[in-house]
Amino acid sequence: MSVNQQAHTGPPYGQPQPGYQGYQQPAYGGQPLPGVPQSQYGAYNGPMPGYQQPVPPQGSLRAPPTSGAPPPATGASLPSGHLAYSQFGHGDVQNGIPASAAPMQRPPASQPFLPGSAPTPVSQTSTFQQYGPPPASVQQLSNHMAGMTIGSTTASAPPPAGLGYGPPTSVPPVSGSFSATGSGLYTPYTASQGPPPTSVSQGLPLAQPPFLGQPISTQRLPTQVPGFAPPPSSTGIGPSSYSPATGAPRPPTMPGPPLSGQTVAGPPTSQPNHISSPPPPSTMSGPHPGPPMSGLHGPPPPTHPPQPGYQMQQNGSFGQVRGPQPNYGGAYPGTPNYGSQPGPPPPPKRLDPDSIPSPQLNELPPQQKPRHRIDPDAIPSPIQVIEDDRSNRGSEPFVTGVRGQVPPLVTTNFLVKDQGNASPRYIRCTSYNIPCTSDMAKQSQVPLAAVIKPLATLPPEETLPYLVDHGESGPVRCNRCKAYMCPFMQFIEGGRRFQCCFCSCVTEVPPHYFQHLDHTGKRVDFYDRPELSLGSYEFLATVDYCKNNKFPSPPAFIFMIDVSYNAVKSGLVRLICEELKSLLDYLPREGNMEESAIRVGFVTYNKVLHFYNVKSSLAQPQMMVVSDVADMFVPLLDGFLVNVNESRTVIASLLDQIPEMFADTRETETVFAPVIQAGLEALKAAECAGKLFIFHTSLPIAEAPGKLKNRDDKKLINTDKEKTLFQPQTSFYNNLAKDCVAQGCCVDLFLFPNQYLDVATLGVVTYQTGGSIYKYAYFQLETDQDRFLNDLRRDVQKEVGFDAVMRVRTSTGIRATDFFGAFYMSNTTDVEMAGLDCDKTITVEFKHDDKLSEDSGALLQCALLYTSCAGQRRLRIHNLSLNCCTQLADLYRNCETDTLINYLAKYAYRGVLGSPVKTVRDALINQCAQILACYRKNCASPSSAGQLILPECMKLLPVYLNCVLKSDVLQPGPEVTTDDRAYIRQLVTSMDVAETNVFFYPRLLPLTKADVDSDSLPAAIRNSEERLSKGDIYLLENGLNIFVWVGVNVQQGLIQNLFGVSSFSQISNALSTLPVLENPFSKKVRSIVDMLQVQRSRYMKLIIVKQEDKLEMLFKHFLVEDKSLSGGASYVDFLCHMHKEIRQLLS
Amino acid sequence: MATYLEFIQQNEERDGVRFSWNVWPSSRLEATRMVVPLACLLTPLKERLDLPPVQYEPVLCSRPTCKAVLNPLCQVDYRAKLWACNFCFQRNQFPPAYAGISEVNQPAELMPQFSTIEYIVQRGPQTPMIFLYVVDTCLEEEDLQALKESLQMSLSLLPADALVGLITFGRMVQVHELSCEGISKSYVFRGTKDLTAKQIQDMLGLSRPAVPLQPGRPLQTPEQPVISSRFLQPVHKIDMNLTDLLGELQRDPWPVTQGKRPLRSTGVALSIAVGLLEGTFPNTGARIMLFTGGPPTQGPGMVVGDELKTPIRSWHDIEKDNARFMRKATKHYETLANRTAANGHCIDIYACALDQTGLLEMKCCANLTGGHMVMGDSFNTSLFKQTFQRVFNKGFNGEFRMAFGASLDVKTSRELKIAGAIGPCTSLNAKGPCVSENELGVGGTSQWKICSLDPSTTLAIYFEVVNQHNAPIPQGGRGAVQFVTQYQHSNTQKRIRVTTIARNWADAQSQLQHIEAAFDQEAAAVLMARLGVYRAESEEGPDVLRWLDRQLIRLCQKFGQYNKDDPNSFRLSESFSLYPQFMFHLRRSPFLQVFNNSPDESSYYRHHFARQDLTQSLIMIQPILYAYSFHGPPEPVLLDSSSILPDRILLMDTFFQIVIYLGETIAQWQKAGYQDMPEYENFKHLLQAPLDDAQEILQTRFPMPRYIHTEHGGSQARFLLSKVNPSQTHNNLYAWGQVS
């Protein structure tokens, strides 16, 4: 879909297109593209030719991309190609397809939904013109098309896609041709497919009709409406809702004239992506050309002979959209990728079936049905996008040498080769192509943000950052901006000086660092020095980088255990003590060190604190009670923090005795702030950084600083005061956090509440010190033990840095202005974290303060100063170079929706602290509408306003955004507690892109479809109840929970195999683990669960849900494409709403 | 006046009372003209081998404002079974138990020889003695080790049922729980923060917890004992535990950087000790024993900062008002002392350090509560070890020589009023008809609390004669005073000792001879000295000396016989003859002279001076000097430089020091080794004699004196030379001295 739109933009893009090609190549081919897209592209193009004939013609390239892989197939037989299309058409699939086209990755475009692109046909006609469908397409083509959203352009867009694949063939035709052709083609498609298939394929179609389409269309522009629909053609979602209009419009675009036929075609294509369910009825009728379409597959192609190629393209375009657009010269990469991708796309067919819904459309009297069902399959499908990216980009390593490359999706397994830019595992950006001016940035409303995970864990195949030791003088840095030596620094004057890539200041090279340059201006030792050749590396810090100019001592872990009545009674205290005995042998250690340098200490507490002296020379541990909680201090120095090996027996004796000592406790009150203070004071006294592990059970109501009262009040929800639920009760904890950060005291909190304990307040210190919160409501030993212990183990063992300060430096022109995550900031630039572990992520937003230039691009350097777990002071540097663009289309083509969502979610979650939730939600919707409207206005080929056109790269934005809006924080269901909301709010704030992705759009796997003989996971399905079959068992995971949903009609054999009971009714939903049974199915399921558990940073809670059981309500909450109980819109409804918003903006 | 001397001695032995005047001037005016006030030294628990306590309640006068105890001076109507109170003249019925009373069947309290009698009464629960050790851990390793050994040793000296507790302090204060198995548990407090008693009790979990009602748990009725037992346990139960705990006691682990003093939270430690006892055992005999090896350096009660470069305050600083912390610290300890006294507990201070330890500020803790104050150079000296051991000495009857929670009630005849008391006591603020408006010492009350006392503890009590000048001598011519001391005996019994004495009134104009003859110059010297020392605590030194001088002059004016302008004609009667000499030495004594003494030393000396009995006090005022030579048996000699002769061995006892000084010749002989030659065995004996005598003194004295053995020209001879009257000096030795 996006493709189409792109197409629109086409003209301008035209040039860019090359870029795309370029990118693709690099990406796919793995060929390192020079930073500069276009030029390089050009170059590549050269090569491209080799690839695909089309290549040369960049424009065509796009096409190729889409068709990429398909091309071959398609190429061969256009018809087939169509088929493929149709597959795409399947709706999301189509979109997906593009996705699949993986290459498409960036489908810059727009995958707007074209609502009823299909419907379009009819009304479209009128609209069409507007769209300038055909022309548009042309233009689009000229543009990169690729980017184009589907929209009417669909045709065009698709073309690109098509280009990629099948197109190759067609590709040859230059972009220009494409567009033209494309459009043409599309139309046909749409037309043909459109109606019947369209709806299907595009999904949009279906929807279209039902959608606003009619109403809207009726209201405003039939045309516009149609617009939507049509747009679908490309990405087009819109269609459905807007159906009529869109649908109509679309067609017009493409086929314009041919409308009926073409239109259809057009939309359809686009539709795939777009969900434009334009005014179905009318459209429908109109489009019904579709009917003809029915023939679609066949027909369309026929229609436009050339089209075939296009069509291909179209499909491709979708695909391309993603991939290609990024700049890849669609051509290059496109081709390669596409090749593979194409395959998948075809599936669109599925859509058709689903498209069936379209019938509804039919039913819908055009105008009347304001909201009609849009075919869910016709709207962009996250699953499809993920699958496509996986198959397209999962196989080749991602080489980071090229500037502004868009990495594969987080859901894709890929290897990274560091050739000068930081791995996407460390940094991901919302866009890899930054607008040159702030005006552009403002216009697009696309937030410029980077999600940075400085200490991310790498897969074993990738090498850790090298440690560089520059000796006593420390790392080489720019004199002015203090940026660290990096691959982008320019050596001049024979290597005697270097010019800073950030601020352009010229700095002398220190004598010991001098090296001659070779004929290309590179230092001779370029490859010997990680800081000159790699994107990520570490420096050994000198004493100047240490607190008080003293090298730090190794950090300490302090375990602080609540021993109040609740904790003891639930068996928690005993459990923790038992676990610690063995866990202490697994403290993190550096490199090959034999034993961990980390020292440990123990504290227990209820209303008072008990410190323990476990000095190795003691015969028995000593307990020191501090009851002066008003003024906390550490009662001992020597013997509190000890080396585990030296004090092993004393520690063991202590851990044995703690549960005994408090076995009869009747103390129910606890303190909290003094506990943190105690840990802080202990670290202060020991002059080291460290981490507190606090195991806490209740609201701290005992008389002490930081005492809290129960202020939970559900009545506040949806009022202006709701924000107070997220704010800490008292500022005491903020001040405490500040002190903790100053000392490098990180606080990890394990909560075991049986009632409200005010996570919002208790979590403040944890949050600001870079710690983690774990919450186990109603903790029960039997069911929660595993989860807790696994979390604890992971938390204790994971790699962590202390006393960290992170600064992000950027090229002149942009500036890091805002930060999200678990940290503290004492000024506006330095992110301070008492502790930073491998799971913590910081999202940084950038704003322009000047212009950027396309030539030099934009650079980011994230420098993290931290103390390693062995007490070594280090600097970890991540560099990333981005492209800059003067064309909005480039921006949209190089976006990453997952990252965008990560940013938006964090932004919104922070917003709830200060504004009513409703305001936050509206702002979120508004921003996205603006983003999409801007695209529509500036990049998409003209099409009916009724068409929803989404950039290929952002075609999932609506569905994901809807998930964010429906999340517990922004729209709580009745069963969600205030604590849960606060907990999730804080949790999300530290999540990386992969985590937010699965958190907001959970993964739903049909277990019964799993292949017991292979290692692979079954293909995920979309999160909708409609997708569940009563006869299957499903697994849903969101990073916090795993649900195993059992349908009522599941075969007894399966139940027996999995649960060890003979019938559905005997399955206990109290199970917290799956029984270990010796049969392939059980093994397979358990291995899947284990595999998922390993992937996530937290051990997920396993919940068995039986269909039609009470718990199912809970489960349904996670079926995020459906309407939620708390009032969250279904995907389809939201899409319609979004479309409406966009249209309002456009008008 | 041998008779008077005997009388005085008898009275002292029987009643433990010495009056300055044994015949009392009959009017206020005359009494004032006597210069030395009518006063007495009272040793409430004077050891009486021949005094078996009676096992019943005393009979009290029924007048609520009087409540005097039936005594031999009362008039008894045996037929009517009535007795008349000799203080208020109230007629009282004998209680039913006295029905069989008759002239031949008298209860003990009516027999004249029982002017002092002791009752054992059954009141309240009997609680065992409590000993709470408060131990400084900022000590040198060697010192700490010695202290730990002393403490462990002391456990074996305690009665088995005594409760003991342990608080250690350094930078922090730790209250140790004593009944833990497997893990040693302590409550820790910050050393810089003053806490109220309530806070301390809350933090120690001593306040009654709001017991959450838990079904299935039997209510623990004996809550109180359970709680307190966490910190205070019977010795026999936790003997081993405590021994181990003391054994594991480490020096304060907090680092002390160069140029700093260790941070020592004495103020808070004491405060917690006081709070702990206050919350658990109010009004029960308890000893807080503070062992400290240096000055408090942080928190409330800090005496000096932790910077070594700022020395601890000296008298010079105090005069210049340069002692920054003194006033605040003093106030802190005073507050503590008053609380402690109010609860009937006492605080001992054992301070062993080469430098000052802040006794000046802390003195009130011991002074007001009757606790001991011991000052030494190190815990690793026999001075400390033996002194500490002596705290637990037992008397002739195998009972500890300590008693707790005493209150002293003084009743007087109408012609007398009570002006005040000086000694280890605090006022109970009991106003009454017999309380004078003029205060001497701690006045304004007729009752005092003495939280801890031993058989030698002596109070000075001052009276005022209020009889008008023109009024006749009271009927019967005798005035009476009754001292009622209620206390907790070391065997936990509650006892009441009642002493009733009477003295004759005499008209000073017509019977001055009698009055003069009945002057007890020793008692008078000590009583005046106590007044002087008491004043010196609050006034400038010179003022006190001037006052003393004036008093002496007035006394001589009144009682001396002389011709004007003829110094040689001056005579004083025998009963006054020694008094000027006492005053002379008192002026030179460390009680009034601060030169060459640190503030701590002054406080230490004054502390002991204010509580010792008459004999010891006199020794303090005028040290005793004995001479040993071949010329005869050992003899006391004048405390004068002329007594230092080459062929003499001198033994000086200043109470705080015992000095043996070998004269020049003797020292030479000793160096020559004559004592080892059989033919000079007599020389050996001569050398040995003072050693034996010194040993005898050392055995009995508390605190153990500093023992100095020196010789002519030895550096330590300064101790002797500084005390003697310098009649012969380098200025006159060859002129005047030789001539004489």
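Every chain is numbered from 1 and lettered A, B, ... according to where its sequence line falls, protein lines coming before strand lines.
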If you count the non-hydrogen atoms of other residues, nucleotides and ligands that lie under 6.0 Å from [atom1] in [X], is the total more than 12?
X         : atom1 : value
Glu307(B) : CD    : yes
Arg324(B) : CZ    : no
Glu248(B) : CD    : yes
Lys738(A) : NZ    : no
Glu142(B) : CD    : no
Lys547(A) : NZ    : yes

Rounded at 0.5 Å granularity, tell me how far [atom1] in [X] sits from [atom2] in [Y].
X         : Y         : atom1 : atom2 : result
Leu636(A) : Trp254(B) : CG    : CH2   : 7.0 Å
Leu204(B) : Ser627(A) : CG    : OG    : 6.0 Å
Lys185(B) : Gln657(A) : NZ    : CD    : 11.0 Å

Can you find a heavy atom in the side chain of [X] that is under 4.5 Å from one in the side chain of [Y]?
X         : Y         : answer
Met172(B) : Met624(A) : no
Met203(B) : Val608(A) : no
Asn613(A) : Ser184(B) : no

Region of [X] that comes under 4.5 Å of a non-hydrogen atom in chain B:
X         : result
Gln622(A) : both
Tyr612(A) : side chain
Ala685(A) : side chain

Do you know the tightest heavy-atom contact between Phe633(A) and Phe189(B)? CZ-C, 3.1 Å
Could you tell me which of [options] has the largest number of non-hydrogen atom pairs under 4.5 Å with chain B?
options                                    : value
Pro621(A), Ala619(A), Ser617(A)            : Pro621(A)
Lys607(A), Met632(A), Gln620(A)            : Gln620(A)
Asp631(A), Asp638(A), Val634(A), Leu654(A) : Asp631(A)

